[in-house]
Amino acid sequence: MTEKDHPLVRIRDLKVRFKGARDVFAVNGVSFDLPPGRVLGILGESGSGKSVTLKTLLRLLPEKRTDIGGVVEVEGRDVLALEGRALADHRGGVVSMIFQDPMLALDPVYTIGEQIAESVERHEGLDRKSAMKRALDMLERVRIPSPERRLKAYPHEISGGMRQRAMIALALACRPKLLLADEPTTALDATVQMQILLLLRELQKEFGMGVIFVTHDIGVAVEVCDEIAVMYAGEFVETGTVRDIIRNPKHPYTKGLLAANLHGAEKGHRLDAIPGAPPPLDVAPTSCSFAPRCAHATDRCRTAKPPAVALGPGRLVRCVLAEEGAAAA
Amino acid sequence: MLLYALKRLIYVLPVAVGVSIVCFMLVHIAPGDPLISVLPPDASADLREQIRRAYGFDKPLPVQYFIWLGNVMQGDFGTSIATGRAVAEELAKAVGNTLMLSVVATIIGFVLGCLFGFVAGFFRDTAVDKIASFISVIGVSVPHYWLGMVLVIIFSVQLNWLPATGAGPGGSGVWEWDWAHVRHLILPAVTMSVIPMGIVARTVRALVADILSQEFVQGLKAKGLFDRGVLRHVVKNAAPTALAVMGLQLGYLLGGSILIETVFSWPGTGFLLGQAIFQRDIPLLQGVILVLAMFFVFLNLAVDVMQSALDPRVQRS
């Protein structure tokens, strides 16, 4: 098989369970493919398993306390089987990640330049001087003003937006095939958010990377993504193109999320929030996880898992309502 | 960097003046007549007054303070009442001995403490961690004068490997870096190193555990660093705090070596301090206390400057 035959990312029935005094079933059977150069947005609220799914791709979850099942492949390589040097080469070389808060994700006692150069030295075997040159080049690409000066700056000496740009420069320094973005704009001001999103979109095209973008903000997802997967209680409840999800949501949870959006809300009217709270995940779900909060729930939803209804290529809805709709069509 | 060091140095001045006043006052507040040790019990009131004047004890306290301070600034700490020797001379010898003992003990404690601390922090909640933590708790809790005596019983009395007292063959004398002298250093230095070892180990363990739980460590792993690369970052993050703790420990050892120096008859400042207290030797007492206090002040300065050199966040913000 050649590389062409593989999607960039292939995940089948991924299950992640945290072991401990109380087990947590964080991810319960996620499957998706990501072709090279595409941007997938994973949309969901806190605790829905978005970040866990991302971290699995880099094997960043604490090994001793985590059970991971299923298939996770990047460029056809089994990520779950990587060890030692191969794993280290995978991290940062093939797949890299930008984090929610760059203040926390950068080492406070090393300069921006050192941190970028370190990654380049590690993956490409360059000496310190050439690696620093690459770091400078990367800072220019993410359009940090006066990059020579920022190279020698420590993370606390630059603004939040600039820190996130530096984080992006660090993540892209070794030309990864896949970029994982874990709510990269959540910690930023609204104005800076948009700049960072545009920059990411532009760099994604320029570098031709695949991107998995995790967010809880529909507006952000619409801005950068090609496809969206809506995640709830460790499962993808609906997937489709941005257009599908926005124009024609099928799953009640997706509809609820869209209705809860502040945009277009009228003053004086209550926002349409989804009632209730996400379920505790200390047991693996055996029925529809959303049923307790769903206005359309039937006995069937409460006793068995809903079917995954395929409505087209890449368009999937886990809901009995979609099944009825598909049968009628 | 240099500017910061200079600024910190200027801040030291008022502290030093305050310290000198407290040193001076403390000694004079303490009960007891310093002349008791030099005068016979049946000395006449006349003689008593004469001696008192000779030592300057008849003047008002503030005047005494400024005279003393003026002399100290010129390196004259006065004359010991008990021995009649210059205090400065006695101090110089004692300070050298104490400094050597404390520095060696701190180095031993710091190296072992860092070792135990790093291992415990990295392998948290494993058997290795339990053992290392147990050793450090023992180190902090064991009374070191007791440990000193136990070590003397084992290594000097029973095994007869190492000498029990003094700082060289035939008591004190001049220090040399040869085996005859170094073997005198081993027992007191090891005894003294136990407390800093425990404290450094506990601090470093907590530091390492805290650093490892921070998100940037995930960031380092995410960019593909090997464990040793991650370790380098952890060490650099932990270094400023670990060194600060070491500096303070050195300060405690310099100022608080009185018990150990007494147990081992080590001719240092602690030993001297003990003598001065028992003999109510005011000039000697003032000199020793001042020197010990200044040790602390300057160590704090050194720690601050060193920290700012290592941690970019300290001086620039």
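In this text the structure is predicted, and so the values were computed from the model without any measurement. Just so it is clear: chains get the letters A, B, ... in the order the sequence lines come, proteins before strands, and each one is counted from 1.
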With A:D107 via salt bridge (charged side-chain N to carboxylate O under 4.0 Å, His left out) - residues at least two apart: none
Under the side-chain contact (heavy atoms from CB on, under 4.5 Å) test, residues paired with A:S96 that sit two or more places apart: A:A171, A:P176, A:L179
- request: Against chain B, work out which of A:E118, A:M97, A:E121, A:M103 has the most heavy-atom pairs shorter than 4.5 Å and name it.
  value: A:E118
- request: Using a cut-off of 6.0 Å, state whether more than 12 heavy atoms not belonging to B:L3 lie near its atom CG.
  value: no
task: Sort by residue number and list every member of residues 125-139 of chain A having a non-hydrogen atom under 4.5 Å from chain B.
output: none
B:Y145 atom OH, neighbour heavy-atom count above 12 within 6.0 Å: no
message: Taking atom NZ as the centre, does A:K19 end up with more than 12 heavy-atom neighbours from other residues, nucleotides or ligands that are less than 6.0 angstrom away?
response: yes
statement: Applying a strict 4.5 Å limit to non-hydrogen atoms, the region of A:Q115 in contact with chain B is both
- request: For chain A, find its close neighbours in residues 216-241 of chain B: heavy-atom separation under 4.5 Å, sorted by number, or none.
  value: B:F216, B:Q218, B:G219, B:L220, B:K221, B:A222, B:K223, B:G224, B:L225, B:F226, B:R232, B:H233, B:K236, B:N237
field: Engaged part of A:R85 at the chain B interface, taking heavy atoms whose separation is under 4.5 Å
entry: both
query: Between A:L87 and chain B, which part of the residue has a heavy atom less than 4.5 Å away: side chain, backbone, both or neither?
result: neither
message: Other residues, nucleotides and ligands only: do more than 12 of their heavy atoms fall within 6.0 Å of CZ on B:F296?
response: yes
query: Got a second to check how far B:E215's CD is from A:L106's CG, nearest 0.5 Å?
result: 10.0 Å
- prompt: Is it true that atom CZ of A:R175 has more than 12 heavy atoms of other residues, nucleotides or ligands lying nearer than 6.0 Å?
  reply: yes
